[in-house]
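Order of the sequence lines fixes the chain letters, A, B, ..., with proteins taken first and strands second; residue numbering starts at 1 for each chain.
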Amino acid sequence: MVASEIRVTLPDGSEKRLPAGATAADLAKAIGPGLAKAAVAARVDGQVWDLARPLPDRMKVAILTDKDPQALDVLRHSSAHVLATAVRQLFPHAKIGFGPPIEDGFYYDFQVPTPFTPDDLERIEAKMHEVVKADYPFMREEVDRAEAKRRFKLLHAAGAYWRGDERRQMLQRIYGTAWFTKEDLESYLRRLEEAKKRDHRLLGKQLDLFSIQEDVGPGLIFWHPKGAMMQFQLRRFIEDVILERGYQLVYTPHLTREELFLRSGHLPLYAANQFPPMAAGEGESEAVRYRVKPMNCPMHILIYASQQRSYRDLPIRLAEIANVYRNERSGTLHGMLRVRGLTMDDAHLFLREDQIEQEIFQLLDIVELVLGKTFGLSYRLDLATRPDKKLGTDATWDQAERALEQALKHRGATYRIDQGGGAFYGPKIDVKFNDAIGREWQGATIQLDFEQPERFRLEYAGEDNKPHRPVMIHRAIYGTLERFCGFLIEHFAGAFPLWLSPEQVRVLPIADAQLPAARAVQQRLAAAGIRAHVDERSETLNYKVRDGETHKVPYMAVVGQREAEAGTVAVRSRGEGNKQVVLPLAEFVEQVKEEVRTRALTPSIR
RNA sequence: GCUGACGUAGCUCAACUGGUAGAGCAGCUGAUUUGUAAUCAGCAGGUUAAGGGUUCGAGUCCCUUCGUCAGCUCCA
């Protein structure tokens, strides 16, 4: 017998009776006309449904409006269908692939004989507007169509492998974005513009921080003096932090006989990411081949293994800010963010198994100090589990994954699982942090390794006077200095905190008559360890101020006749407009010193 | 690596369907001596990514290589 009535439960717990066959749209109308108008979709038992589908009996149903983040997915899914319809009308032979909503938009994959051109995109977008006007049934949301056509935009087309598998055929993917209002769309497009302005490749050039030179090769970074100063400050900071926590610094060769990587398991598992071997020098045996290192772990292992170790020595924490080289595929290279020459802030910890947890706690403390406290970043944790290409047995992977998970649980940390995202030698905890405009980045990583100690037969003498095998943690806090520095450029849009700024103070004499006074100010600052220089050019103050602002100098110290006579400086703080604070020079020096010492994120003078 | 687009002065960009490379900024020189986001003038700056081809003639058309960009895949 078919019931004539269904009952659904609303989010507030109340129940609503509806005639059998009622849709979510009917439900919204029954609740109220306002909601009916705002409704874009329904959530039925956790799934997003469109409004036109008949509701089942005895289910939890929520009406979604455009305020609901899930509703945007519905809109974008609809937009993807509009895109597919438009493409099919213009290119009848196009075969349709997937068309899901994604963050900020949607895409759709097509199999077409020739790739789409920018002109095609324009034609397709125009056709999409027609499709929307014609009110195709999948465009079910109850909205004003005329307005709707202004709220999506096709962005670009590019090849994409079928099902994301590079062994399969390449399809043509069209990306678009869609929003509920024209204002949202415009603000999204503005956000893209903003992100472009922060591009570290652009700012890196403008601020003269680094370059990449075709004569030398892609993915290889030249750190110019200003960028190098930032790297130096970052190194100094992290080295101070870890030396206070029982780490020891080491330096190891960049080159090794390739047998070392055979033993470590890098060959052949990691060979695709390594540069090919080179023969020893002329006249030497051809049989001896060398490789440049893509990782430091085997090197640090050899230091560990260079003498007998006691349980009392552990943990041994060997750190090296080291250059390694990885043969990243050409298409993946991207400014400082994806390079072939990497400067890792690397360390390898050799532990007893009972020390794993305390060590992970210490690492999470360092992450909090550096990323959280010093850089003011929010971050989250991923537990990345065994990949397909891996060393070792399932049993040791079980053990390693369990150990990391236990540590995270005991720490009370929340985390997500990144299935198959681990390193080939062990699972890891990846730290993902957010930048100033909400994008997610990865740098810090904590990797637990039972395999390499095994392969290198590492040992320590236990309390029982028997040999035991240590476990290893590979870890990086910044990740690589290249990527972290690229991140900092984009996060701060080039306006770095004082302690990181390559040029901390620029002294601006108003006229040539104040040049001696300005030079004296600069010398006083330099003597206090502050990076300052005088703009000696024969230009107007306006010109010099503008130049200082475009170069994102944190403080400009203006010296005119008044200041020269009074022994003061008129301080202009970056980005604060024409506000100035006149301070005795000694006081200015002290404030700057203090701001640097505390690695403050915001200026102390403004 | 794959698909597509692109490569002109240090930077940002011009140069009609092939007709002999031009501007702004930056730089240098001179004048100016400036009170919080561009003072004025002059000068210099290019084997048009590299190599080959078509043509009377190539920045422009074709081929190869290198590189860049947007994605895919991969990743710190």
Side-chain angles (χ1 to χ4, degrees), chain A residues 107 109 112 114-118 120-121 155-175 199 201-202 205-206 208 211-219 272-273 294-295 324 326-340 342-346 384 387 421 423 428 430-431 441-445 447 474-484 486-487 508-515 537-551 556-563 570-580 582:
Chain A
Y107 69 77
D109 287 340
V112 283
T114 50
F116 297 111
T117 64
D120 289 339
L121 283 194
L155 298 172
H156 49 256
Y161 297 107
W162 186 45
R163 290 176 176 271
D165 183 339
E166 63 179 322
R167 286 163 306 190
R168 305 215 216 195
Q169 180 186 9
M170 184 161 262
L171 305 175
Q172 292 303 315
R173 176 172 298 178
I174 296 178
Y175 284 90
D199 192 316
R201 293 165 297 184
L202 202 77
K205 203 172 270 178
Q206 282 169 7
D208 194 20
S211 66
I212 299 168
Q213 314 227 9
E214 198 174 330
D215 289 341
V216 166
N273 288 296
M295 292 186 191
V324 300
R326 297 182 184 176
N327 189 16
E328 300 291 336
R329 299 154 89 186
S330 57
T332 63
L333 300 175
H334 184 86
M336 290 186 119
L337 303 180
R338 191 71 185 276
V339 295
R340 287 185 172 151
L342 300 71
T343 310
M344 305 193 71
D345 74 310
D346 207 1
K428 55 183 183 170
D430 281 335
V431 182
W441 300 69
Q442 204 224 301
T445 184
Q447 313 175 340
H474 311 230
R475 51 98 285 182
I477 305 301
Y478 297 134
T480 64
L481 288 159
E482 285 79 14
R483 180 173 287 181
F484 198 74
F487 155 77
L508 310 184
I510 286 179
D512 287 353
Q514 286 91 47
L515 259 176
R537 292 173 296 186
S538 167
E539 290 286 355
T540 58
L541 182 63
N542 273 328
Y543 180 92
K544 293 180 201 172
V545 164
R546 181 185 151 80
D547 197 65
E549 287 288 350
T550 56
H551 286 90
M556 281 179 258
V558 176
V559 181
Q561 198 188 340
R562 293 201 295 272
E563 289 77 14
V571 179
R572 179 186 166 115
S573 187
R574 175 179 59 201
E576 292 292 316
N578 61 7
K579 249 199 270 177
Q580 62 168 355
V582 180

**Study point:** Donor-acceptor pair present, A/Arg326 side chain and B/C75 base, under 3.5 Å
**Key:** no
Practice item. Provide, to the nearest angstrom, the distance between the CG atom belonging to A/Leu333 and the P atom belonging to B/C72. Key: 15 Å
Check your understanding: Side chain of A/Arg338: nearest nucleotide among B/A37, B/A76, B/U33?
Key -> B/A76
Exercise for review: Using a 4.0 Å heavy-atom cut-off across all strands, classify A/Ala272 as base, sugar-phosphate, or nothing.
Suggested key: nothing
Check your understanding: Looking for any heavy atom pair under 4.0 Å, which part of the strands does A/Gln561 touch: base, sugar-phosphate only, or nothing?
Key -> base
Exercise for review: Just compare B/A70, B/A76, B/G35 and give me whichever is closest to any side-chain atom of A/His156.
Suggested key: B/A70
Check your understanding: Could one point to a donor on the side chain of A/Arg483 or the base of B/C75 with an acceptor on the other under 3.5 Å away?
Key -> yes
Practice item. Examine the base of B/A37 for any acceptor or donor lying under 3.5 Å from a partner atom in the side chain of A/Arg572, and report the outcome as yes or no. Key: yes
**Study point:** Identity of whatever pairs with B/C2 - Watson-Crick or G-U, under 3.5 angstrom
**Key:** B/G71
Point to revise | Side-chain ion pair, A/Glu166 and A/Arg329, N-O less than 4.0 Å | key: yes
Review point. If you take atom types as modelled and just measure distance, does the side chain of A/Thr540 reach the base of B/U32 with a donor-acceptor pair under 3.5 Å?
Key: no
Exercise for review: Give one of base, sugar-phosphate or nothing for A/Gly164, where a contact means two heavy atoms less than 4.0 Å apart.
Suggested key: sugar-phosphate
Exercise for review: Under 4.0 Å between any heavy atoms, over every strand shown, what does A/Glu328 touch: base, sugar-phosphate, or nothing? Just pick one.
Suggested key: base
Practice item. Could you work out the separation of B/C25 and B/U20 based on their C1' atoms and round it to a whole Å? Key: 28 Å
Review point. Which part of the nucleic acid does A/Ser538 contact within heavy-atom distance under 4.0 Å: base, sugar-phosphate only, or nothing?
Key: base
Exercise for review: Give a yes/no on whether any side-chain N or O of A/His334 is located under 4.0 angstrom from OP1 or OP2 of B/U68.
Suggested key: no
Practice item. Could you tell me whether A/Tyr543 contacts a base, only the sugar-phosphate backbone, or nothing, with contacts defined as non-hydrogen atoms closer than 4.0 Å? Key: sugar-phosphate
Review point. Touch check for A/Gly560, heavy atoms < 4.0 angstrom, all strands: base, sugar-phosphate only, or nothing?
Key: base
Exercise for review: Could you check whether A/Met170 gets within reach of a base, just the sugar-phosphate, or nothing at all, counting any heavy atom under 4.0 Å?
Suggested key: base
Exercise for review: For A/Asp512, report the nucleic acid contact type (base, sugar-phosphate, nothing); a contact means any heavy atom under 4.0 Å.
Suggested key: base
Check your understanding: If you look at every strand shown and take non-hydrogen atoms under 4.0 Å, does A/Glu214 touch a base, only sugar-phosphate, or nothing?
Key -> base
Review point. Taking atom types as they are modelled, is there a donor-acceptor pair under 3.5 Å from the base of B/G35 to the side chain of A/Gln514?
Key: no
Review point. Across the strands shown, which category fits A/Gln213 at heavy-atom distances under 4.0 angstrom: base, sugar-phosphate, nothing?
Key: nothing
Exercise for review: Give one of base, sugar-phosphate or nothing for A/Tyr107, where a contact means two heavy atoms less than 4.0 Å apart.
Suggested key: nothing
Check your understanding: Quick one: does A/Tyr161 reach the base of B/G1 with a side-chain donor-acceptor pair under 3.5 Å?
Key -> yes
Check your understanding: Across the strands shown, which category fits A/Arg168 at heavy-atom distances under 4.0 angstrom: base, sugar-phosphate, nothing?
Key -> nothing
Exercise for review: Pick base, sugar-phosphate or nothing for A/Arg163, based on heavy-atom distances below 4.0 Å to the nucleic acid.
Suggested key: nothing
Point to revise | Side-chain donor/acceptor of A/Arg173 to base of B/U3, under 3.5 Å | key: no
Exercise for review: Please determine if A/Arg201 and A/Asp199 form a salt bridge, counting it only when a charged side-chain N lies under 4.0 Å from a carboxylate O.
Suggested key: yes
